[in-house]
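The next block holds one structure in the form of structure tokens; read it before the comments.
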Amino acid sequence: MKNIDLNRKAKNSKLKIAWLFVLPVLLIRGFTTVYPMIVTLYDSFFEIKLLKGPGAKFIGLGNFITIFKDPKLILSIKFTLIFTVCSVSFLIILGTLLSLLLNVKMAGKRFLRTIVLIPWAIPMVVVGRAARWAFNDNFGFINDLIRMINPSFHVDWLSASTTARFSVIAVDLWKNIPYFAILCLAALQFLSDDIYEAAIIDGVNRVQSFFYITLPNIMTTILNLAIFFTIWRMTSYDIVYAMTSGGPADSTSLLAYRIMTESFTNLNVGYASAIAIVLFLFMAVISRGGMRLIKKLEK
């Protein structure tokens, strides 16, 4: 009995020491994550307009009701959904195809993998500013390339809602597809060549081996990446800030960009906090749904 008590005391002391080492990290995490979330939730129930003064007026769900009556914000919600769905869908398709290409055994594949990552390594603000020039009708190189085939082609991409949205999504894909592909490539590296050799002996062609061997084995990785990139896309701000500033007519204003403008331009902190809570709920639902789907696939 004494030995058992001594073992328990030793385990308890070790556990206390472990918690002491972890405590500073938990405190930092709580201060930088949990505390801001609590403050944001608290502020969302108040009317805090710093241009009118430092005071706060309790309005309950007033800010949340205003969200669904604000036509500009509804437009931001719609574009955020369009941007996220289109971006993540093409990221999965094109990123997976690019990872398969990078996984092919060929000379110079290491150099190719390095070159492919260059767009991802460029800061998004730099990419957005460069894209603003590239999509210009008068001196942008994109229209110059098209005019080599059609000399009479004239489209000012960022001045119309449809083309501006297309341009934002295209630039986002150009930058992030390489990153998705490299992460997906890491999963492909774990697949043994023996599986494919056995499949070839059984008469399976390359297309069939992709759908029956490769895809099932990397599907969990793809879904995890899809969740990560969905949340990342829903909180995108810098591409719109640098490329379109939310225009034309707020048609490319993402929710994260709208939160920034309400907070730091309009100084409407309470309303911005309510938008942030709505965005957080969207992300929580998507994350929960994605994790359930992954668990079903793993069974």
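Throughout, numbering of the chain's residues begins at 1 and tracks the sequence.
Side-chain contact annotation: Thr244 with Thr252, donor-acceptor N/O pair under 3.5 Å present. A donor-acceptor pair shorter than 3.5 Å cannot be found between the side chains of Ser263 and Tyr271. Of the N and O atoms on the side chains of Ser209 and Arg206, not one donor lies less than 3.5 Å from an acceptor on the other residue. Between the side chains of Ser44 and Asn63, no donor-acceptor pair is found at a separation under 3.5 Å. A side-chain N or O of Asn103 and one of Gln189 form a donor-acceptor pair less than 3.5 Å apart. A side-chain donor from one of Ser152 and Asn150 sits under 3.5 Å from a side-chain acceptor of the other. A donor and an acceptor atom, one from each side chain of Trp232 and Asn176, are nowhere located under 3.5 Å apart.
Counting only residues at least two apart or on different chains, the salt bridge (charged side-chain N to carboxylate O under 4.0 Å, His left out) pairs with a member in residues 146-169 are Asp137-Arg147, Asp144-Arg147. Sorted by first and then second residue, the salt bridge (charged side-chain N to carboxylate O under 4.0 Å, His left out) pairs involving residues 28-38 (not counting sequence neighbours) form an empty list.
Between Leu145 atom CG and Phe153 atom CZ the span is 11.0 Å, to the nearest 0.5 Å. Taken from CD1 in Ile286 to CD1 in Ile227, the straight-line distance is 10.0 Å, to the nearest 0.5 Å.
In this structure Phe90 satisfies the ring-ring contact (aromatic ring centres under 6.0 Å, His included) test with no other residue, sequence neighbours excluded.
The backbone N or O of Asn268 sits nowhere less than 3.5 Å from a side-chain atom of Asn266 that would complete a donor-acceptor pair. Put simply, the side chain of Ser89 never gets that close to the backbone of Cys86: no donor and acceptor are under 3.5 Å apart. Under the 3.5 Å distance criterion, the side-chain polar atoms of Asn143 are left unmatched by any main-chain donor or acceptor of Phe135.
Here Tyr42 and Phe46 bring their ring centres to under 6.0 angstrom of each other.
In this pair, Tyr179 and Phe228 present their aromatic rings perpendicular. The plane angle is above 60°, beyond the 30 to 60° band. Under the 30°/60° scheme for interplanar angles, the aromatic rings of Tyr35 and Phe31 are found to lie parallel.
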Report task. Give the intermediate values and the outcome of salt bridge (charged side-chain N to carboxylate O under 4.0 Å, His left out) for residues Arg258 and Asp70. Result -> CA-CA 12 Å; Arg258 186 63 190 273; Asp70 186 350; 2.9 Å; yes
Query - Evaluation steps, side-chain contact (heavy atoms from CB on, under 4.5 Å), between Phe83 and Ser236 - result: CA-CA 10 Å; Phe83 175 80; Ser236 292; 3.8 Å; yes
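Across Ile222 and Ile92, no two heavy atoms sit closer than the pair CG2-CG2, 3.8 Å.
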